[in-house]
Structure formats: C-alpha cells, structure tokens
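For reference, the structure is listed below as structure tokens.
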Amino acid sequence: MNIGVLALQGAFAEHLAALRKLGANGVEIRQRADFHAGLDGIILPGGESTVMGKLLRELELYAPIRDAIAAGMPVLSTCAGLILLAERAENNEKTYFALMDITVRRNAYGRQLGSFRTTTDIAGIGPYPMVFIRAPFISSVGPKAHVLATVDGHVVAARQQNMLATAFHPELTDDLRVHSYFINMIAQVNANCCQQQTA
Ligand code: GLN
C-alpha cells in the first residue's frame, strides 16, 4: 500500500514513521511529480495551514490533490490538515480544499498556551491519547460528516466517507490505531474498487 504524505512543512516525518511501523509505504509529496497515480491514499499533516495552503498553490499541487480526494481518494488529515479539508472556517479565515462538511475554528484553544494532552474515546477505536498543539476544533458538523470524538463538548475527530480528520496529532504518540483505522479505510476502498472491476 502506497500512501502519500504531504511533506511541504510540518509534522510529516512522524506520519511516515507511523506508516513504516504498520508496514505501509509512505511517499513524500514535495512536488507535483510526487503525486502520481500509484497512490492509495494521502495524509495531510499538522503544521501551519496558511503556509501549506500557499505552497500547495505555488507548487501546483492544489488542484490534483483536491480532485483526487473529491473523486474518493482516502485522506487522513491532522490539525492544520483538518483546516485544509474543512468547507467552512470561522472568523472569516481562509478555506482551502473545502471538501469536508465541517466548520473549523483555527487556534481554538488560544494561540500560545493551547497545547495539551488528554485521553478520550474515538468511535470505532476506543480511549485514545490525544496531543493538541495550537489546535483547531470542529465547531459544527454538517449532515454529510459524522462525529468520532469530542473533548469538553467540542468535536475533535470526524469522518465523511473517504475523509478522516483529527484536531489532535496521532503521529506524535506511540499509539498507531488512528493510522491503522486509516489503512483499513484504504483497504475497504481498494476492495470495493476491485470487486467492481472483476464483476
Ligand atoms: N495553528 C495551526 C494552523 O492554524 C495548526 C497547528 C498544528 O497543525 N499543530 O494551521
């Protein structure tokens, strides 16, 4: 299984390490040529959404990645990556791929002191250690998406078909269950694809 990891900026190395531990092949996406047809899914890491948004445009990666996700490519997005996926953002903040039926609040826990850890249930996974770093949260979830986890009444993980988004950083813990969940999502998509092809 080949999984692209957007590697323009931010916490991409930790996602690549998590994939390696699970036996999946992580492919660094640094330029247009890296985003090729052989990829089964993509990870949008944490970092700085404004910087990643700008680089995506400059490197002409924006349209191909958006089109692939819109066409059903599985995506795991964490923290800034979640901001890239959201259809709506509070306080007139910019939106980017705008594909997931959620509203995001950037830097929702305060800009400097907004880093913390907590353990909370994720639907389908169970209690999970969550690391938040100047994190957003999802302030509302539209009918196409559903909530997977909340912390203090705020949504911190959600799913919409091929899209999985977390406000926290699963790649910064030793717990690989979010990445395993994502690999299972990809396996299901591949199984559906190939059943159709052979039918
Ligand atoms: N505060 C960052 C942003 O708004 C996200 C922080 C992170 O990814 N850890 O893009």
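Order of listing sets the numbers, starting from 1, for every ligand and every atom in it.
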Would you tabulate the side-chain donor-acceptor contacts of residues 150-157 under 3.5 Å, counting partners in other chains and residues two or more places apart, or write 'none'?
none

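For ligand 1, one of its N or O atoms has an N or O atom of I133 under 3.5 Å away. Polar contact with ligand 1: absent for T78 (N/O pair, distance under 3.5 Å). The shortest N/O to N/O separation between T50 and ligand 1 does not fall below 3.5 Å. The shortest N/O to N/O separation between C79 and ligand 1 does not fall below 3.5 Å. At a 3.5 angstrom cut-off on N or O pairs, G46 does not count as close to ligand 1.
For residues 157-185, the set of pairs meeting the salt bridge (Lys or Arg N to Asp or Glu O under 4.0 Å) definition, not counting sequence neighbours, comprises D175-R177.
Taking a 4.0 Å cut-off on heavy atoms, G47 registers as neighbouring ligand 1. Judged by the shortest distance from any of its heavy atoms, H169 lies inside the 4.0 Å radius around the atoms of ligand 1.
For E48 and R134, the salt-bridge test passes: some basic side-chain N is under 4.0 Å from an acidic carboxylate O.
Residues N25 and N2 bring a donor and an acceptor atom of their side chains to less than 3.5 Å of each other.
The distance from the CE atom of M100 to the CD atom of Q160 is 5.5 Å, given to the nearest 0.5 Å.
By the 6.0 Å and 45° rule, R66 does not stack over the aromatic ring of F97.
At a threshold of 4.5 Å between side-chain heavy atoms, the hydrophobic network of Ile, Leu, Val, Met, Phe, Trp and Tyr places V51 and I42 in one connected group.
Taking a cut-off of under 4.0 Å to the non-hydrogen atoms of S49, the atoms of ligand 1 that pass are 3 (C), 4 (O), 10 (O). Heavy-atom contacts of I83 reach the following atoms of ligand 1: 3 (C), 4 (O), 10 (O) (cutoff under 4.0 Å).
Heavy atoms of R134 found under 4.0 angstrom from ligand 1 belong to the backbone as well as the side chain.
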